Engineer: 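Have a look at this one before I ask anything.
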Number of protein chains: 2
Amino acid sequence: MSAEFWLTQLHENGYRITGARRAVVETVEKSTRALTPVEVYDMSRKRYRALGLVTVYRTLEKLEELHLIQRVHQPMGCQAFISAGQGHQHLLLCKNCGQVVFFEGDDLESLTKSIAKKTGYQIQDHWLQLFGMCANCRTN
Amino acid sequence: MSAEFWLTQLHENGYRITGARRAVVETVEKSTRALTPVEVYDMSRKRYRALGLVTVYRTLEKLEELHLIQRVHQPMGCQAFISAGQGHQHLLLCKNCGQVVFFEGDDLESLTKSIAKKTGYQIQDHWLQLFGMCANCRTN
DNA sequence: ATACTTATTGATAATGATTTTCATTACCGA
DNA sequence: TCGGTAATGAAAATCATTATCAATAAGTAT
Ligand SMILES: [Mn+2]
Ligand SMILES: [Mn+2]
Ligand SMILES: [Zn+2]
Ligand SMILES: [Zn+2]
């Protein structure tokens with residue numbers, strides 16, 4: 001899942017490849033923690049000086065639409081984005097440094113069945129997110 | 001968990017009981033779906049005409065601080081609040097009408113242990129939220 | 001390569017949500 | 001009942017996001 005792939009995806013969906021988009025894509029794609037639009041702006045401007053914040057918003061919008069990135073919800077705010085996981089995956093976030101890891105293998109089958117029976121709801125979706133302290137932050 | 005209890009909590013924590021707070025508390029406490037500040041404002045103004053939106057923000061802030069309400073995160077936005085569940089509970093939300101139900105009994109013990117070993121993270125917390133269709137919305 | 005069409009851009013303005021300021025009001029303990 | 005002061009609402013300020021628009025440049029056709 002390289003920056004080139006993201007650019008290809010943009011192109012294949014009728015969007016043009018521009019310097020501004022290249023900069024944003026390269027910044028977001030390689031980040032291992034969720035970034036806010038302003039963070040993306042600041043970091044991408046080192047690659048493409050003329051970049052405007054508005055273009056960051058517009059590019060993030062398109063990347064989300066193509067499922068290349070996803071919004072990350074946190075206690076402190078919900079406007080950060082990270083490279084999307086593939087398939088059915090959930091996030092594990094370091095409370096200290098924000099480092100993100102994806103995991104899979106959660107089995108909520110029996111739980112949802114039981115809750116569905118108890119509540120009368122037809123359960124369709126779930127959000128699961130783990131918070132903790134990464135190995136690095138734990139030692140330092 | 002009545003409105004009177006909430007007012008008592010406010011009082012016991014050094015806050016005064018006012019008409020504005022009464023109105024907000026009564027509105028939020030009895031709602032079975034998450035409400036945004038403006039929704040709280042509109043609904044509470046029927047009880048207390050002179051209410052200002054700023055006071056709604058300030059009251060919600062205090063109620064959250066006292067753990068009487070909690071923020072609800074949803075795909076469409078994360079600025080809505082609902083009466084908090086007691087103990088370790090999670091939310092089940094109707095995608096159609098927003099009706100909220102709390103549930104407990106989720107067991108993520110083995111999952112978190114496995115993820116902790118795999119990632120090196122020390123896992124401290126989790127967010128779990130279910131989405132679906134309530135019995136009412138399903139029949140109508 | 002060159003010209004041309006039009007998507008994209010960044011600056012600017014507009015909007016919307018939340019917070020701050022401040023003079024006035026009213027809660028509540030003495 | 002009174003007085004100190006927390007709380008209030010109006011207005012202004014701030015912050016995040018979105019809309020407008022003329023200039024630019026990506027990509028296609030020539
Ligand atoms: Mn959220
Ligand atoms: Mn749980
Ligand atoms: Zn960390
Ligand atoms: Zn419903």
Side-chain angles (χ1 to χ4, degrees), chain A residues 3-4 6-28 34-66 69 71-81, chain B residues 3-4 6-28 34-66 69 71-81:
Chain A
E4 277 315 307
W6 288 25
L7 293 170
T8 302
Q9 286 299 107
L10 283 170
H11 189 248
E12 283 179 0
N13 285 83
Y15 297 118
R16 295 180 180 173
I17 308 303
T18 68
R21 282 177 181 163
R22 244 182 235 289
V24 170
V25 161
E26 280 167 16
T27 296
V28 176
L35 301 176
T36 64
V38 172
E39 285 174 328
V40 172
Y41 174 66
D42 289 336
M43 294 168 71
S44 303
R45 253 158 70 84
K46 290 173 183 151
R47 299 170 179 278
Y48 186 83
R49 200 66 65 68
L51 181 66
L53 178 56
V54 181
T55 298
V56 172
Y57 275 97
R58 289 189 284 227
T59 304
L60 289 175
E61 191 176 60
K62 283 167 183 60
L63 293 176
E64 188 178 24
E65 168 195 319
L66 296 176
I69 62 173
R71 184 178 298 267
V72 176
H73 298 262
Q74 286 183 266
M76 48 169 303
C78 307
Q79 38 286 138
F81 294 87
Chain B
E4 278 313 310
W6 289 25
L7 294 170
T8 302
Q9 287 298 106
L10 282 170
H11 189 247
E12 284 179 0
N13 284 86
Y15 298 118
R16 294 180 180 174
I17 308 303
T18 68
R21 282 178 182 164
R22 247 185 233 293
V24 170
V25 161
E26 280 166 16
T27 297
V28 177
L35 302 175
T36 64
V38 171
E39 285 175 328
V40 172
Y41 175 66
D42 289 337
M43 294 168 71
S44 303
R45 253 158 70 84
K46 290 174 184 151
R47 300 169 179 279
Y48 186 82
R49 200 69 64 67
L51 181 65
L53 177 57
V54 182
T55 298
V56 172
Y57 276 98
R58 290 190 282 226
T59 304
L60 290 175
E61 191 175 59
K62 283 167 185 57
L63 293 176
E64 188 179 25
E65 168 194 319
L66 296 176
I69 63 173
R71 184 179 297 269
V72 176
H73 298 262
Q74 286 182 266
M76 50 172 301
C78 306
Q79 39 286 138
F81 293 87

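Here the structure is a predicted model, which means the values were calculated and not measured. Proteins come first, then strands; the chains are lettered A, B, ... in the order of their sequence lines, and each starts at number 1.
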Engineer: CZ of A/Arg22 versus P of D/dA25: gap in Å, rounded?
Structural biologist: 15 Å
Engineer: Report each atom pair, protein N/O against N/O of nucleotides 27-29 of chain D, whose distance is under 3.5 angstrom.
Structural biologist:
residue, atom, partner, partner atom, Å
D/dG27, OP1, A/Ile17, N, 2.8

Engineer: Do the non-hydrogen side-chain atoms of A/Trp6 and A/Val28 ever get within less than 4.5 Å of each other?
Structural biologist: yes
Engineer: Considering all heavy atoms of both residues, which atom of A/Lys62 and which atom of A/Leu10 are nearest to each other, and what is their separation?
Structural biologist: CB-CD2, 4.3 Å
Engineer: Do A/Pro37 and A/Leu60 have side chains that approach each other closer than 4.5 Å (heavy atoms only, starting at C-beta)?
Structural biologist: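 A/Pro37 vs A/Leu60: side chains touch.
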Engineer: Looking only at heavy atoms, what is the nearest atom pair of A/Ser44 and A/Thr27, with distance?
Structural biologist: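 Shortest heavy-atom separation between A/Ser44 and A/Thr27 comes out as OG-OG1, 2.9 Å.
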Engineer: Rounded to the Å, how far apart are A/Leu60 CG and C/dT9 P?
Structural biologist: 12 Å
Engineer: Return all side-chain donor-acceptor pairs below 3.5 angstrom for residues 14-24 of chain B, not counting sequence neighbours, or 'none' if the list is empty.
Structural biologist:
residue, atom, partner, partner atom, Å
B/Tyr15, OH, B/Glu65, OE2, 2.8
B/Thr18, OG1, B/Arg21, N, 3.1
B/Arg21, NH1, B/Arg16, O, 2.8

Engineer: Please round to the nearest 0.5 Å and tell me the distance separating atom NE2 of B/His11 and atom CG of B/Asn13.
Structural biologist: 10.5 Å
Engineer: Hey, could you give me the CG/OG1 distance between B/Leu51 and B/Thr59, rounded to the nearest 0.5 Å?
Structural biologist: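 The OG1 atom of B/Thr59 is 7.5 Å from CG of B/Leu51, to the nearest 0.5 Å.
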Engineer: Can you tell me the distance, in whole Å, between the CD atom of A/Glu12 and the C1' atom of C/dA7?
Structural biologist: 18 Å
Engineer: Rounded at 0.5 Å granularity, tell me how far CD in A/Glu61 sits from CG in A/Leu66.
Structural biologist: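 So the CD of A/Glu61 and the CG of A/Leu66 are separated by 11.0 Å.
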Engineer: Expressed as a whole number of angstroms, how long is the span from B/Arg21:CZ to C/dC28:P?
Structural biologist: 9 Å
Engineer: Using the test side chain to side chain contact (heavy atoms under 4.5 Å, CB included), find all partners of A/Gln79 that sit at least two apart in sequence or belong to another chain.
Structural biologist: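 For A/Gln79 the side chain to side chain contact (heavy atoms under 4.5 Å, CB included) partners, ignoring immediate neighbours, are A/Arg71.
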Engineer: Please list, in numerical order, the residues of residues 44-59 of chain B that have a heavy atom closer than 4.0 Å to any atom of DNA chain D.
Structural biologist: B/Tyr48, B/Ala50, B/Leu51, B/Gly52, B/Val54, B/Thr55, B/Arg58
Engineer: Round to a whole Å and report the spacing from CG of B/Asn13 to C1' of D/dA7.
Structural biologist: 16 Å
Engineer: Give the minimum heavy-atom separation between A/Ala34 and A/Glu39, together with the two atoms involved.
Structural biologist: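 For A/Ala34 and A/Glu39, the tightest heavy-atom pair comes out as O-OE1, 3.8 Å.
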Engineer: Return the value, rounded to whole Å, for the distance between atom CD of B/Glu39 and atom C1' of C/dG16.
Structural biologist: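 It works out to 16 Å between those atoms.
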Engineer: Please tell me which of B/Gly19 and B/Val38 maps to the more 5' nucleotide of DNA chain C, matching each residue to the nucleotide holding its nearest heavy atom.
Structural biologist: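 Looking at DNA chain C, the more 5' nearest nucleotide goes with B/Val38.
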Engineer: Please name all residues satisfying salt bridge (Lys or Arg N to Asp or Glu O under 4.0 Å) with B/Arg47, sequence neighbours left out, ordered by chain then number.
Structural biologist: B/Glu26
Engineer: Rounded to the Å, how far apart are A/Tyr41 OH and C/dA11 P?
Structural biologist: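 Roughly 7 Å, once rounded to whole Å.
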Engineer: Taking five pairs at each end of the helix from C/dA1-D/dT30 to C/dA30-D/dT1, what angle separates the two helix axes (nearest 10°)?
Structural biologist: 40°
Engineer: Starting at atom CG of B/Leu63, determine the distance to atom P of D/dA7, rounded to an integer number of angstrom.
Structural biologist: 12 Å
